[in-house]
Amino acid sequence: GENVEQHPSTLSVQEGDSAVIKCTYSDSASNYFPWYKQELGKGPQLIIDIRSNVGEKKDQRIAVTLNKTAKHFSLHITETQPEDSAVYFCAASWGTGFQKLVFGTGTRLLVSP
Amino acid sequence: NAGVTQTPKFRVLKTGQSMTLLCAQDMNHEYMYWYRQDPGMGLRLIHYSVGEGTTAKGEVPDGYNVSRLKKQNFLLGLESAAPSQTSVYFCASLLDSTDTQYFGPGTRLTVL
């Protein structure tokens, strides 16, 4: 089955710096890759996603890149702000008609003022 | 539109006790999921449902049962709780494969 590895497990940056979180997946059939942000005491919330027919997607300060050949995808956050501090999870899913996500182990991002 | 709600928010059980966690969604979503979240392990799928009256096993189903008698509700049951089931449980729902999963706020369960 699918296996998703996520690095780093913790990431500390200064406000205004960029942050990059990387994930690799094992199943070449995976075709959907969402990123979730989880704040303390809350459920995960989607921040951006990408499908296998696209190489890059941007939404303001957040971008995701996908390399299908190498089977990895990355989350890029530019101009980080203290409110970006949270745990970020990547996930992968395959197939059509149904979505079964396999999650990475999470990255705790701390943005210091 | 409340989205995905979970009841209760917190619960403490003794080993061997039973309980049911309730997940409700008001978005008319077809698919619903139960996950557990443990430190350093991300979210793992317990059971899921592809429609009213259907359920299926996920990655870690042992010790849990589920039911989906109504489209908007997905129940997770623990018949005989064990300390290994101490975790945070999240429910999610999904409209279709072109959409994304929407998560509830979670239930923190402690089994003593």
Side-chain angles (χ1 to χ4, degrees), chain A residues 1-10 21 23-27 29-54 57 59 62 64 75 86-108, chain B residues 2-10 21 23-25 27 29-51 54-61 68 74 87-109:
Chain A
E2 176 66 279
N3 182 51
V4 177
E5 295 189 357
Q6 183 173 346
H7 299 281
S9 57
T10 59
I21 303 170
C23 288
T24 60
Y25 60 97
S26 60
D27 192 340
S30 290
N31 56 12
Y32 176 61
F33 307 92
W35 284 90
Y36 288 87
K37 176 182 181 182
Q38 186 177 26
E39 297 177 335
L40 194 62
K42 297 184 178 180
Q45 185 172 20
L46 179 79
I47 55 172
I48 195 166
D49 57 8
I50 192 167
R51 297 191 184 267
S52 59
N53 58 347
V54 176
K57 185 177 179 180
D59 183 3
I62 295 173
V64 56
L75 176 70
V87 179
Y88 292 81
F89 291 96
C90 64
S93 177
W94 62 271
T96 58
F98 177 63
Q99 187 185 93
K100 197 170 172 182
L101 293 174
V102 176
F103 285 83
T105 52
T107 296
R108 184 174 299 278
Chain B
V4 180
T5 59
Q6 293 183 232
T7 309
K9 288 184 169 50
F10 303 93
L21 282 68
C23 176
Q25 52 94 5
M27 298 175 283
H29 284 179
E30 203 65 42
Y31 308 108
M32 296 187 75
Y33 307 77
W34 275 108
Y35 294 90
R36 60 177 289 172
Q37 184 176 38
D38 301 295
M41 299 188 73
L43 286 89
R44 293 182 292 167
L45 183 64
I46 304 171
H47 284 281
Y48 61 95
S49 169
V50 299
T54 72
T55 63
K57 295 180 180 180
E59 181 187 358
V60 288
R68 185 128 181 244
F74 195 27
S87 188
V88 181
Y89 292 86
F90 287 100
C91 174
S93 71
L94 173 72
L95 178 63
D96 57 44
S97 62
T98 66
D99 198 1
T100 192
Q101 294 184 27
Y102 295 87
F103 284 82
T107 294
R108 183 173 293 275
L109 175 66

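These figures come from a predicted structure and were not determined experimentally. Proteins get letters first, then strands, A, B, ... in listed order; numbering begins at 1 in each.
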Output, in order, the C-alpha distance, side-chain angles, deciding distance and verdict of side-chain hydrogen bond (donor to acceptor under 3.5 Å, both in side chains) for Ser26(A) and Glu2(A). CA-CA 6 Å; Ser26(A) 60; Glu2(A) 176 66 279; 2.9 Å; yes

Might you confirm whether atom CZ of Arg51(A) has over 12 heavy atoms from other residues, nucleotides or ligands at distances under 6.0 Å? yes

So Tyr36(A) and Phe103(B), would you call those rings parallel, tilted or perpendicular, with 30° and 60° as cut-offs? perpendicular

Chain A contact via Leu43(B) - side chain, backbone, both or neither, heavy atoms under 4.5 Å: both

Does any heavy atom of chain A fall under 4.5 Å from the side chain of Tyr33(B), the backbone, both, or neither of them? side chain

Among Val102(A), Leu101(A), Asp49(A), who wins on heavy-atom pairs under 4.5 Å with chain B? Leu101(A)

Checking Thr7(B) now: which residues fulfil side-chain hydrogen bond (donor to acceptor under 3.5 Å, both in side chains) with it, not counting sequence neighbours? none

Aromatic centroids of Phe74(B) and Tyr48(B) separated by under 6.0 Å: no

Engaged part of Gln37(B) at the chain A interface, taking heavy atoms whose separation is under 4.5 Å: side chain

Structural part of Gln45(A) lying under 4.5 Å from a heavy atom of chain B: neither

